[in-house]
*Asks:* 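Attaching a single structure in structure tokens format; questions to follow.
So that the names make sense, note that chain A is the first sequence line, chain B the second, and so on, each numbered from 1. Values below: every heavy atom of this structure, side chains too, minus hydrogens, waters and symmetry copies. As the structure is a prediction and not an experimental result, all values here were calculated from the model.
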Protein chains: 2
Amino acid sequence: MEAITIKDIAKALNLSTSTVSRALRNSYEINPETKKLVMEYAERMNYRPNPIALSLKDSKSKSIGVIIPEIANHFFSQLINGIESIAYNLGYHVVIFQSHDSYEREVANTNYLVSRKVDGLLVSLASLTTDLFHFQDLMERGLPIVFLDRVPKEIETHKVVADNFAGAYEATKHLIQSGRKRIAHLTSPIYLSNTTERLAGYKQALEDHQLPFDESYVKYCHYGGKIVSENEAAIQEMLSLPEPPDAIFTASDKLTTGCMAVLQQKKIRIPDEIAIVGFTNIGVADLLNPPLTAVVQPAMDMGQQAVELLIRLIEHPQKNAEFEIRSLKTSLIIRQSSGHS
Amino acid sequence: MEAITIKDIAKALNLSTSTVSRALRNSYEINPETKKLVMEYAERMNYRPNPIALSLKDSKSKSIGVIIPEIANHFFSQLINGIESIAYNLGYHVVIFQSHDSYEREVANTNYLVSRKVDGLLVSLASLTTDLFHFQDLMERGLPIVFLDRVPKEIETHKVVADNFAGAYEATKHLIQSGRKRIAHLTSPIYLSNTTERLAGYKQALEDHQLPFDESYVKYCHYGGKIVSENEAAIQEMLSLPEPPDAIFTASDKLTTGCMAVLQQKKIRIPDEIAIVGFTNIGVADLLNPPLTAVVQPAMDMGQQAVELLIRLIEHPQKNAEFEIRSLKTSLIIRQSSGHS
DNA sequence: ATGAAAGCGCTAACAC
DNA sequence: GTGTTAGCGCTTTCAT
């Protein structure tokens with residue numbers, strides 16, 4: 001186990017540690033011969049600099065913290081995929097925490113990551129977070145943060161999101177053009193940027209096609225579909241309306257599959273009785289019954305762009321910053337659940 | 001940003017750093033009054049020990065490395081879920097790497113993690129790994145490693161697996177009892193422990209029920225279903241047999257969904273023409289067309305038990321060790337794809 | 001009961 | 001071109 005250190009090399013070669021250090025970093029002031037000697041020996045002994053010592057030295061840990069609602073979710077696991085791939089190539093490692101959509105856990109994770117000295121934070125907000133002090137405070141103290149997917153309006157920094165408005169608009173328009181008149185919207189808590197933007201796209205599509213907007217067709221699920229009963233209740237409410245919907249536009253992975261499950265269990269035929277379009281990155285949309293029409297987010301790409309921005313921020317701190325908001329295109333994949341003929 | 005250090009406390013309180021250090025660690029040799037003073041001040045200033053300095057001191061990083069084939073996969077993301085939850089509670093953080101089932105990436109990740117000084121490794125082997133030197137070498141140098149799910153026969157250490165034999169046996173038996181006679185098996189490369197064990201369970205079930213074992217009914221997918229064409233080819237071969245199968249037992253998430261996709265595209269009706277049982281943790285098995293009969297692994301639990309074993313190994317290194325192999329029960333969830341009437 | 005000093009591995013300012 | 005030294009934050013002998 002005992003790893004070889006610069007000191008060992010110095011001793012073996014009868015040099016000082018600084019010379020060795022400089023040689024290894026290919027400093028111009030070192031004699032080429034010495035350099036060669038050192039490098040070859042280091043290579044031969046399989047020397048690896050101790051990253052912890054480096055971290056202690058310049059208080060950089062070459063790691064970034066990621067706080068997301070949950071891992072076991074198609075969208076987020078693809079996001080992580082993108083994050084890891086880029087971070088790895090840029091020499092950073094990634095520490096992942098799940099908030100499970102709880103404000104308290106989000107705060108706890110944030111504090112922990114900061115105490116572990118991450119160089120920056122990548123965050124997708126918990127659905128129940130409304131107070132942003134824990135992030136604002138850190139940013140003021142100079143910690144780079146980039147938000148992605150679920151982003152706060154109130155904080156100025158880089159953000160990477162899907163074009164939720166356009167995605168929702170397209171989904172709703174598609175349902176309208178497939179002949180649906182009473183389109184409901186099953187969505188997450190209104191605090192989320194996602195929710196607001198998707199709701200706006202949905203409304204705009206209705207308006208542009210001369211359909212009335214009816215508040216009672218919009219149901220917010222506090223737990224974003226993770227609690228079955230909540231899901232069921234919301235859908236039951238919709239179905240109990242004097243004019244029940246003939247289509248539902250669902251706003252997330254869990255909400256979509258949850259909704260399909262409830263309809264299936266109630267023996268409501270999709271799309272005959274109710275059409276569905278879901279905002280989801282589920283991998284097997286093709287294989288569902290019926291195959292699911294989906295608004296797909298470029299999750300990998302979102303993850304990649306977010307780390308890039310974060311690492312740029314870490315390595316070139318901006319003073320009076322120009323912050324970017326990147327909005328990536330979603331794509332509507334039409335299958336049978338939307339009843340398109 | 002500037003975090004408060006022990007030195008700051010010492011200066012503020014007119015004490016030496018060592019006294020402060022001892023007071024904070026509640027050493028018996030410190031005057032209760034001083035102790036109280038220090039602790040209160042530390043609390044008030046929100047002092048947090050610098051974990052990097054601690055790591056450098058005793059060359060423990062309080063982090064564990066995880067190497068798995070891929071994140072964006074139901075089984076593995078649940079596994080990570082379990083791992084993270086326990087590790088977090090025990091004060092460790094988790095660094096995740098994906099091998100993408102490539103031997104080279106597995107080796108590269110291993111080396112990287114070791115150079116980052118993780119305290120231990122949790123590994124699920126890449127499907128193409130046959131040479132285990134990179135792990136053996138580390139273990140001999142004293143690095144604790146625990147394998148899970150895809151484990152090597154040749155290495156002696158703790159291992160956590162699903163009871164693959166029983167799971168496969170049960171799946172196959174279920175197909176037989178549902179009236180199927182020609183049951184094929186679509187699986188991963190034979191090097192994987194999983195593959196061997198599931199194959200054995202499959203064989204045993206056939207034998208116990210007086211059905212012949214026919215080698216041409218078993219297809220190994222080198223890339224485990226991740227390359228569509230390979231999947232297609234394997235299934236095509238099965239279908240072209242003089243006596244094509246009337247059921248397929250698939251050995252993994254990707255293989256299962258891939259198989260369903262191919263059958264669907266070929267307009268082969270499930271389960272009428274071909275029944276399917278899949279070894280998979282896919283979350284929406286219910287919603288598939290048809291609903292999928294599945295052998296489900298206790299992925300969360302497997303992850304949790306594996307970290308526990310690993311951390312135990314890290315904190316109480318065993319000399320002439322007794323190693324555990326934990327084999328956790330799978331459960332067969334019967335739905336329509338297996339044609340059970 | 002408290003302080004001084006060394007050391008974990010590395011870098012960099014400052015000698016020479 | 002190379003060596004000496006101090007310092008990153010903390011723990012831990014060894015003095016007192």
*Asks:* Using side chain to side chain donor-acceptor pair (under 3.5 Å) as the criterion, list what pairs up with Asp137(A), not counting sequence neighbours.
*Replies:* Arg141(A)
*Asks:* At a heavy-atom distance below 4.0 Å, what parts of residues 31-41 of chain B sit against DNA chain D?
*Replies:* none
*Asks:* Once side chain to side chain contact (heavy atoms under 4.5 Å, CB included) is applied, do any residues pair with Leu128(B), and if so which ones, sequence neighbours excluded?
*Replies:*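 Partners of Leu128(B) by the side chain to side chain contact (heavy atoms under 4.5 Å, CB included) criterion, ordered by chain and then number, come out as Pro189(B), His222(B), Tyr223(B).
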*Asks:* Which whole-number value in Å describes the distance from Asp8(B) CG to dG9(D) P?
*Replies:*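 So the two atoms are 8 Å apart, to the nearest Å.
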*Asks:* Calculate the interatomic distance between Ile30(B) atom CD1 and dT11(D) atom C1'; express it in whole Å.
*Replies:* 13 Å
*Asks:* Given atom CG of Leu56(A) and atom P of dA6(D), what is their separation to the nearest angstrom?
*Replies:* 18 Å
*Asks:* Classify the ring geometry of His134(B) against Tyr103(B): parallel below 30°, tilted from 30° to 60°, perpendicular beyond 60°.
*Replies:* perpendicular
*Asks:* Looking at residues at least two apart in the chain, or sitting in another chain, which of them share a salt bridge (Lys or Arg N to Asp or Glu O under 4.0 Å) with Glu154(A)?
*Replies:*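 Testing Glu154(A) for salt bridge (Lys or Arg N to Asp or Glu O under 4.0 Å), a comparison that skips the adjacent residues, returns none.
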*Asks:* Taking Glu106(A) for the side chain and Ser99(A) for the main chain, is one N or O donor matched with an acceptor at less than 3.5 Å?
*Replies:*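 Not confirmed, Glu106(A) side chain does not pair with Ser99(A) backbone.
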*Asks:* Side chain to side chain contact (heavy atoms under 4.5 Å, CB included) with Ser59(B): which residues, sequence neighbours excluded?
*Replies:* none
*Asks:* Contact class for Ile52(B) vs. all strands (heavy atom < 4.0 Å): base, sugar-phosphate, or nothing?
*Replies:*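 Nothing, no nucleic acid heavy atom in range.
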*Asks:* Nucleotide by nucleotide, 5' to 3', does protein get under 4.0 Å of the base (B), only the sugar-phosphate (S), or neither (-) in nucleotides 10-16 of chain C, counting heavy atoms?
*Replies:* BBBBB--
*Asks:* Please report the distance, rounded to the nearest Å, between CG in Leu13(B) and C1' in dA1(C).
*Replies:* 15 Å
*Asks:* Got a sec, which residues hit side chain to side chain donor-acceptor pair (under 3.5 Å) with Arg150(A), two or more places apart in sequence or on another chain?
*Replies:* Asp101(A)
*Asks:* For the helix from dA1(C)-dT16(D) to dC16(C)-dG1(D), what is the angle between the axes at its two ends, each from 5 pairs, rounded to 10°?
*Replies:* 60°
*Asks:* Not counting sequence neighbours, which residues clear side chain to side chain contact (heavy atoms under 4.5 Å, CB included) with Asn111(A)? List them please.
*Replies:* Val107(A)
*Asks:* Show me the pairs that pass ring pair (Phe, Tyr, Trp, His ring centres under 6.0 Å) and involve residues 135-162 of chain A, at least two apart or across chains.
*Replies:*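 Sorted pair list: Phe135(A)-Phe147(A), His158(A)-Phe323(A).
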*Asks:* Under the side chain to side chain contact (heavy atoms under 4.5 Å, CB included) test, which residues partner Ser85(A), sequence neighbours left out?
*Replies:*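 Counting only residues at least two positions away or on another chain, Ser85(A) forms a side chain to side chain contact (heavy atoms under 4.5 Å, CB included) with Gln304(A).
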*Asks:* Got a sec, which residues hit side chain to side chain donor-acceptor pair (under 3.5 Å) with Ser55(A), two or more places apart in sequence or on another chain?
*Replies:* none
*Asks:* Hey, does Asn14(B) reach any base, or is it just sugar-phosphate, or nothing, if we go heavy atoms under 4.0 Å?
*Replies:* sugar-phosphate
